[in-house]
Amino acid sequence: MCNPGKYNGATQSTSESACTVCGGTTLCSEAGAAACANSPAGKYVGTGAQNKHCVPCETGKNQDGTGTTSCKNCGAAKYADTVGHVNCK
């Protein structure tokens, strides 16, 4: 199985070396992905140690778009009390 941030669309692979890092700046993957995709709403494309992982937005932040590289801070009088919020409450 490929690690997060990598994919392998081939069948019958025998090692992790068959996995390829997701390309571009808006693509990411979860563990075991057969393909990379735009980061889904509530997540962003990670960097550094989380390179190309689909990372959930931290508490206090949200992301309603897809294919993003960051999350937005919740506005005044709004909050996100758990990770991965699409919209602040």
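- Listed by first and then second residue, the salt bridge (Lys or Arg N to Asp or Glu O under 4.0 Å) pairs that reach into residues 21-30 are Glu30-Lys43, sequence neighbours excluded.
- Applying the side-chain hydrogen bond (donor to acceptor under 3.5 Å, both in side chains) test to residues at least two apart or on different chains, the pairs with a partner in residues 70-80 are Asp64-Lys72.
- Every residue two or more places apart in sequence or in another chain was checked for a side-chain contact (heavy atoms from CB on, under 4.5 Å) with Ala34, and none qualifies.
- Qualifying salt bridge (charged side-chain N to carboxylate O under 4.0 Å, His left out) partners for Lys61, counting only residues two or more places apart in sequence or in other chains: none.
- In this structure, Cys22 and Cys28 have their SG atoms no less than 2.5 Å from one another.
- In this view, Thr20 satisfies the side chain to side chain donor-acceptor pair (under 3.5 Å) rule with no residue, not counting sequence neighbours.
- Under the side chain to side chain donor-acceptor pair (under 3.5 Å) criterion, Gln50 pairs with no residue at all, not counting sequence neighbours.
- The side chain to side chain donor-acceptor pair (under 3.5 Å) test applied to Thr14 returns no partner, not counting sequence neighbours.
- Taking each heavy atom of Ala18 and Asn8 in turn, the nearest pair found is CB-ND2, 3.4 Å.
- Take Thr11 and apply the side chain to side chain donor-acceptor pair (under 3.5 Å) test, not counting sequence neighbours, and it matches no residue.
- Looking at Thr59, its side chain never comes within 3.5 Å of a backbone N or O of Thr82 through a donor-acceptor pair.
- Under a 4.5 Å side-chain heavy-atom criterion applied to ILVMFWY residues, the cluster that includes Tyr44 comprises Val55 as well.
- Annotation for Cys54 and Ser29: closest pair SG-N, 3.4 Å, computed over non-hydrogen atoms.
- Nearest heavy-atom pair across Cys71 and Gln63 is CA-NE2, 3.9 Å.
- Side chain of Asn62 to backbone of Val86: a donor-acceptor contact under 3.5 angstrom is found.
- Legend: residues meeting salt bridge (charged side-chain N to carboxylate O under 4.0 Å, His left out) with Lys89, ordered by chain and number and at least two apart, are Asp81.
- The salt bridge (charged side-chain N to carboxylate O under 4.0 Å, His left out) test applied to Glu16 returns Lys6, not counting sequence neighbours.
- Annotation: side-chain contact (heavy atoms from CB on, under 4.5 Å) contacts of Ala37 (sequence neighbours excluded): none.
- Listed for the Ser39 side chain is a donor-acceptor partner under 3.5 Å among the backbone atoms of Thr68.
- Closest non-hydrogen pair, Val21 versus Asn51, comes out as CG1-ND2, 4.4 Å.
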